[in-house]
Amino acid sequence: MDLHLSAEQAAVRQLAADFVDREVAPHAAAWDRRESVDPAIVGKLGEVGFLGLTIAEQQGGSGGDHLSYCLVLEELGRGDSAVRGIVSVSLGLVAKSIAAQGSPEQRAQWLPRLCSGAALGCFALTEPDSGSDAAALTTRAVRDGTDWLITGGKVFITNGTTADVALVFARTGGPGHRGITAFLVPTDAPGLSRREIHGKLGLRGQATGELRFDGVRVPDSARLGEEGAGFRLALATLAKGRMSVAAGCVGIAQGCLDAAVGYAGQRTQFGKPIAGHQLVQQLLARIAVDTAAARLLVWRVADLIDRGEPFATEASMAKLFASEAAVRAANDAIQVFGGYGYIDEYPVGKYLRDARVATLYEGTSQIQQLLIGRALTGVNAF
Ligand SMILES: Cc1cc2nc3c(=O)[nH]c(=O)nc-3n(C[C@H](O)[C@H](O)[C@H](O)COP(=O)(O)OP(=O)(O)OC[C@H]3O[C@@H](n4cnc5c(N)ncnc54)[C@H](O)[C@@H]3O)c2cc1C
């Protein structure tokens, strides 16, 4: 079915599949209904090493290459995108940024806890008036002696109400991307308040929050990277993040394929299993091709990263295709299930709701197309 995997990669994939079948998939529908995953899942993810993948063991991580990371995220996406998102953000966006840019003190302070699941991270870039145009953000950090005072608001922040540390992007200089600096802000800092956003179409088990900063004081040692280098850090982080979203989408598409093939073999209409009707096979074939193509695009990005090659455009391609493919696959799977696909007794409706956000966050499908177009032509069409 796939390209060759090393023995370690195959073992990690099996570990993830078993973990998902035991700890995630049986609970996903209930977590979705009550709008909260079991918080204990974070510790379990840490225990099995999934919150420390690709981070060096000396820094508190569990090592491993990016293909292994994608294999795990695919399995988590198959089980529950709410859980996949917790890992993508706390590990993929926060811990990896600290590993890449953090001072020795910042790494020692946060990485062992983030990688073990003792702490969670969130990535606070989006604001009410700056989404796709993230460089227009207005949250400000101003110097006060050797400290910084942060004031402003963030919205749609995954893990926002559950995280222990927020990677916050704030304006420390003039307008545009050069005036942005990144800070690691403990979420119990005085002046920081949080509110959970309810009523999401999908990812209902995942905590999505608004953060409000009213003169939140942090020392200069909380600054992550150079002053003015925050936006570059955000872009580099999101490029890898797009691979992890895409890997989760492959899991959604694979879950849809498994469910649809299984159902088509059991459901009988016109005197034979619906799998024997050509138009049902057409739906199944389309899901299968979408799944395989998305997986190969994701694996290409992981391979480029593991070989130290540029990967940003390929990550945009993988994210664009895999997110749209997951939506198509879930929609096709509902068609195979007929009316039963429309009620929550079967997983395919949830797959559609969960897949939909992947075409929106970490850069919408339009933004990915503009990034790919710019790489092809050298012309910025934003
Ligand atoms: C569940 C969820 C979780 C999220 N988690 C996080 C998180 O953890 N951290 C974080 O910082 N953010 C997070 N986000 C925010 C997410 O990244 C933004 O919603 C996304 O970047 C889009 O921004 P926006 O919603 O403001 O839409 P807008 O930027 O207002 O876009 C609206 C529409 O206009 C289109 N558009 C905008 N500009 C252009 C252009 N130049 N050309 C063509 N079309 C354009 C867009 O493609 C879109 O269709 C999350 C969002 C959701 C829904």
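Note that ligands are numbered from 1 as they come in the structure, with each ligand's atoms numbered from 1 the same way. Residue indices begin at 1 and follow the sequence shown.
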J.: Short check: is a protein heavy atom less than 4.0 Å from atom 30 (O) of ligand 1?
T.: no
J.: To the nearest 0.1 Å, how far is atom 20 (C) of ligand 1 from its closest protein heavy atom, and which atom is that?
T.: Leu360 O, 3.5 Å
J.: I'd like to know if Glu210 pairs up with Arg195 as an ion pair, taking the criterion as any Lys NZ or Arg NE/NH1/NH2 lying under 4.0 Å from an Asp or Glu carboxylate oxygen.
T.: yes
J.: Do NZ/NE/NH1/NH2 and the carboxylate oxygens of Asp354 and Arg84 come within less than 4.0 Å?
T.: no
J.: Are Asp38 and Lys44 close enough for a salt bridge, meaning some N to O gap below 4.0 Å?
T.: no
J.: How far is atom 8 (O) of ligand 1 from the closest protein heavy atom, and which atom is that?
T.: Thr158 N, 2.9 Å
J.: List every atom of ligand 1 that sits less than 4.0 Å from any heavy atom of Leu370, numbering the atoms from 1 in the order shown and giving each element.
T.: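 In order of numbering, the contacting atoms are 40 (C), 41 (N), 42 (N).
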J.: Regarding ligand 1, does Ile367 bring an N or O atom to under 3.5 Å of one of the ligand's N or O atoms?
T.: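 So ligand 1 has no N or O lying under 3.5 Å from an N or O of Ile367.
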J.: Report yes or no: is the cationic atom of Lys240 (NZ for Lys, CZ for Arg) closer than 6.0 Å to the six-membered ring centre of Tyr69, at no more than 45° off its axis?
T.: no
J.: Less than 3.5 Å between some nitrogen or oxygen of Thr126 and one of ligand 1, yes or no?
T.: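 Looking only at distances, the answer is yes, because the N/O contact criterion of under 3.5 Å is met.
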J.: For Phe50, what residues pass the ring pair (Phe, Tyr, Trp, His ring centres under 6.0 Å) criterion, not counting sequence neighbours?
T.: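 Applying ring pair (Phe, Tyr, Trp, His ring centres under 6.0 Å) to Phe50 gives Phe19.
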J.: If you have a sec, work out which protein heavy atom is nearest atom 45 (C) of ligand 1 and how many Å separate them, to one decimal?
T.: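 Result: Gln366 CB, 4.5 Å.
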J.: Need the ligand 1 atom indices (1-based, order shown) with element for anything under 4.0 Å from a heavy-atom of Leu125.
T.: 11 (O)
J.: Is it true that the NZ or CZ of Arg328 lies under 6.0 Å from the centre of Phe321's six-membered ring and within 45 degrees of the ring axis?
T.: yes
J.: Among all protein heavy atoms, pick the one closest to atom 16 (C) of ligand 1 and tell me residue, atom and distance.
T.: Tyr361 CB, 3.8 Å
J.: Which residue supplies the protein heavy atom nearest to atom 26 (O) of ligand 1, what is that atom called, and how far is it?
T.: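 Heavy-atom neighbour on the protein nearest atom 26 (O) of ligand 1: Gly131 CA, 3.2 Å.
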J.: Taking only residues two or more places apart in sequence or in another chain, which ones pass side-chain hydrogen bond (donor to acceptor under 3.5 Å, both in side chains) with Gln14?
T.: Asp18
J.: Atoms of ligand 1 less than 4.0 Å from Ile157 heavy atoms?
T.: 7 (C), 8 (O), 9 (N), 10 (C), 11 (O)
J.: In terms of residue, atom name and distance, what is the protein heavy atom nearest to atom 37 (C) of ligand 1?
T.: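 Looking at atom 37 (C) of ligand 1, the protein heavy atom closest to it is Ser132 OG, 3.7 Å.
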J.: Would a 4.0 Å cut-off, counted as strictly less than, catch a protein heavy atom around atom 33 (C) of ligand 1?
T.: no
J.: Please state which part of Glu362 comes within less than 4.0 Å of ligand 1, counting heavy atoms only: side chain, backbone, both or neither.
T.: backbone
J.: Any nitrogen or oxygen of Thr364, main chain or side chain, under 3.5 Å from a nitrogen or oxygen of ligand 1?
T.: yes
J.: Heavy-atom contacts under 4.0 Å between Val357 and ligand 1: side chain, backbone, both, or neither?
T.: side chain
J.: When you check the gap from the basic side-chain N to the acidic O, do Arg143 and Glu227 get nearer than 4.0 Å?
T.: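 Looking at Arg143 and Glu227, the cut-off is met.
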J.: Tell me the nearest of Phe123, Phe169, Phe156 to atom 14 (N) of ligand 1, using heavy-atom distances.
T.: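 Nearest option to atom 14 (N) of ligand 1, by heavy atoms: Phe156.
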J.: Output the distance between atom OG1 (Thr181) and atom CZ (Phe231), rounded to the nearest 0.5 Å.
T.: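 The CZ atom of Phe231 is 12.5 Å from OG1 of Thr181, to the nearest 0.5 Å.
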J.: Donor-acceptor pair, distance only, cut-off 3.5 Å: does the side chain of Gln368 make one with the backbone of Glu362?
T.: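 Yes, the answer is positive, given that a donor and an acceptor are paired below the 3.5 Å cut-off.
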J.: Got an N/O contact under 3.5 Å between Thr208 and ligand 1?
T.: no
J.: Quick test of your reading of the model: are Asp32 and Lys200 salt-bridged, counting only N-O distances below 4.0 Å?
T.: no
